[in-house]
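Scroll down for the structure; my scribbles are underneath it.
Both counts, for ligands and for their atoms, begin at 1 and track the order of listing.
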Amino acid sequence: MTDPRTMTPRWPAPQLLIGGASVPPREGGRLQLTNPATGVRLPDAPAAGPADVEAAVRAAREAFDAGPWPRMNAAARGRLLRKLADALSERREEFALVESLNNGKTFREAVSGDVAPGAATLAYAAEWANKFLGEVVPVDGPFLTYVVREPVGVVAAIVPWNYPTSLACWKIGPALATGCTVVLKPSEVTPYTAMKLGELAREVGIPDGVLNVLPGEGEPAGEALARHPGVDKVAFTGSVGTARRLLHASADTNLKRLSLELGGKSPQIVCADADFAAAADACFWGIFGCKGEVCSAGSRVLVVAEAYEGFVARLAERARGLRVGDPLDPATEMGAQISARHLDTILGYIASGQAQGARLLAGGARDVEGTKAKGNFLQPTVFGEVRGGMRIAEEEIFGPVLACMRVADVAEAVRVANATRYGLGTSLWTRDVARGHALARQLKAGVVWINCFNEFDDAAPFGGVKESGWGRDLSHHALDNYLEMKTVWTKLPVP
Ligand code: NAD
């Protein structure tokens with residue numbers, strides 16, 4: 001991996017991508033952004049307004065209704081998508097540098113946790129372009145009845161700031177593979193890599209209007225997309241609050257379809273017979289990886305009473321030694337939080353934990369050592385003796401704050417694990433794998449990891465239950481989000 005300090009960032013042109021053309025925002029909107037690690041101003045990005053949304057939806061609509069993309073040979077569509085995947089993979093360090101400067105995650109995390117997996121997701125989706133099959137239905141009577149699977153239409157992909165490249169790819173990969181056209185709206189705080197992805201799509205020859213990129217605020221840009229009658233489906237990753245607005249927008253307009261990947265309060269359950277060294281390592285990186293700004297962060301660790309003291313002390317000690325700092329320094333282990341505002345939210349949660357009687361075992365304050373005073377750095381924080389009812393036990397903090405909870409036994413661990421409104425990921429640490437499988441059935445979560453945590457693969461579906469969302473990203477199941485079924489009946493002549 002190149003030392004990013006020797007690289008020069010290549011920022012995208014400050015334009016929207018609409019119908020294959022690079023255009024300035026019609027109402028002149030601008031996003032003013034700063035590097036979260038240094039406070040230094042980054043190049044302004046354009047902010048789409050309602051007129052831009054109108055134009056982008058029209059372009060995507062035309063490309064879908066009359067353009068070549070949904071009509072072309074599926075293998076050829078797959079090849080074009082594969083070209084996009086390869087181009088992104090080749091330029092992963094270039095993208096990762098921009099991502100790191102914009103998001104505050106380390107360059108290493110940006111390469112290996114965001115951009116490279118994003119390219120892999122596009123490559124995986126490309127393979128599926130000519131492999132989603134229809135079916136022939138054995139109906140009663142003299143009919144030939146078959147089902148074809150057709151693209152849903154114009155997709156608005158609305159994504160957050162924590163994994164800007166890979167989450168965009170989670171949506172546009174299967175959407176483009178199935179023949180949909182897309183308006184991609186990145187988060188207003190991380191617009192650049194989506195804009196670069198739009199430039200790449202033009203370079204590799206994806207037809208005009210198939211991928212439109214509209215950086216902009218949730219309101220007006222996101223809201224206008226969600227309310228637009230020309231959008232057939234919204235593919236969303238973000239917070240529960242925004243998801244509720246999208247549901248209302250859909251209900252109030254054209255009942256557009258929604259897939260929702262939302263937040264979590266994912267528990268890691270440590271049984272008495274766990275491999276404690278492996279479990280501690282996973283619990284540690286499960287919350288401090290990518291500075292805890294991860295939907296499936298293992299933000300609660302539930303440890304059975306007999307193992308609790310030693311296990312939690314080990315985590316706290318390690319947190320005190322974590323190297324927090326310059327995201328571009330290869331020695332750094334944790335970068336800067338996305339914004340000063342988000343840092344304040346996290347500090348508010350830390351204060352609530354202290355006020356509600358949890359024991360602060362590590363961290364708990366801003367990290368203002370040396371040049372870090374200019375950025376949004378936080379000390380990795382570990383709370384012990386966290387109990388149900390505390391805000392830090394139940395609400396998504398989305399930062400490097402670990403809540404350790406003592407449970408009497410595994411039965412209590414399962415009860416506590418299930419006692420939040422979320423249900424994204426859960427992990428179980430036990431040497432008794434059969435028991436692990438039995439417990440997995442009792443856990444209300446979209447993903448259960450046994451003796452591992454936060455493992456992802458393009459072939460494995462990912463998503464949540466309860467308020468963690470609807471539908472699944474990744475895997476061939478993700479294609480279902482972007483496909484409709486059409487049943488065709490033909491009456492056959494009686495021979
Ligand atoms: P957010 O909901 O504030 O924003 C997400 C996107 O929605 C952004 O592009 C934003 O501009 C847009 N948006 C905001 N208001 C809108 C509106 N009224 N109409 C349409 N679009 C609107 O979320 P965030 O703060 O960017 O991201 C953090 C959240 O995302 C956390 O809750 C996290 O858990 C979740 N997340 C989930 C997953 C997953 O796969 N389950 C992955 C990453 C992040």
Side-chain angles (χ1 to χ4, degrees), residues 29 31 45 47-48 50 53 102-103 105 113-114 117-118 121 156-171 183-191 193-194 213-228 231 234-250 252-253 256 258-266 289-299 337-339 341-342 345-346 395-399 420-425 445-447 454 456 460-475 478 481:
L31 300 170
V53 169
N102 183 192
N103 167 284
K105 65 174 72 178
D114 195 353
T121 298
I158 302 179
V159 293
W161 46 260
N162 60 336
Y163 285 89
T165 310
S166 62
L167 293 178
C169 293
W170 283 20
K171 312 300 187 202
V183 180
L184 169 64
K185 198 207 82 61
S187 164
E188 55 274 37
V189 289
T190 53
T193 47
V213 183
L214 285 193
E217 306 275 356
E219 259 189 272
E223 187 82 22
L225 277 170
R227 294 198 163 269
H228 202 294
V231 171
V234 172
F236 176 70
T237 295
S239 62
V240 175
T242 304
R244 289 188 202 284
R245 308 230 3 199
L246 297 175
L247 285 162
H248 283 295
S250 169
D252 293 347
T253 57
K256 53 180 69 68
L258 297 169
S259 48
L260 306 171
E261 292 286 352
L262 311 177
K265 191 72 190 174
S266 296
C290 214
K291 19 144 186 161
E293 293 170 349
V294 181
C295 56
S296 55
S299 50
Q337 309 306 138
I338 184 75
S339 63
R341 199 166 124 215
H342 188 54
T345 304
I346 301 172
E395 296 177 27
E396 184 185 47
I397 300 173
F398 220 54
T420 72
R421 61 188 183 133
Y422 295 111
L424 195 51
V447 188
N454 259 351
F456 284 82
F462 178 80
V465 300
K466 301 197 285 183
E467 291 184 37
S468 289
W470 296 351
R472 293 292 175 269
D473 279 323
L474 304 180
S475 84
N481 293 330

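Checking side-chain atoms of N454 against main-chain N and O of A297 turns up no donor-acceptor pair under 3.5 Å. When atom types are taken as modelled, the side chain of S266 and the backbone of G425 share a donor-acceptor pair closer than 3.5 angstrom.
By the side chain to side chain donor-acceptor pair (under 3.5 Å) test, R245 is found to be paired with E219, E223, residues two or more places apart in sequence or in another chain being considered. Qualifying side chain to side chain contact (heavy atoms under 4.5 Å, CB included) partners for P50, counting only residues two or more places apart in sequence or in other chains: E27, P220. Residues that satisfy the side chain to side chain contact (heavy atoms under 4.5 Å, CB included) test with T253, not counting sequence neighbours, are R227, K256.
For K185 and F236, the positive end is not near the middle of the six-membered ring at less than 6.0 Å and at most 45° from its axis.
When heavy-atom distances to ligand 1 are checked against 4.0 Å, the residues falling inside are I158, V159, P160, W161, N162, L167, W170, K185, P186, S187, E188, G218, G222, E223, F236, T237, G238, S239, T242, R245, L246, E261, L262, G263, C295, E396, F398, L424, F462, ordered by chain and number.
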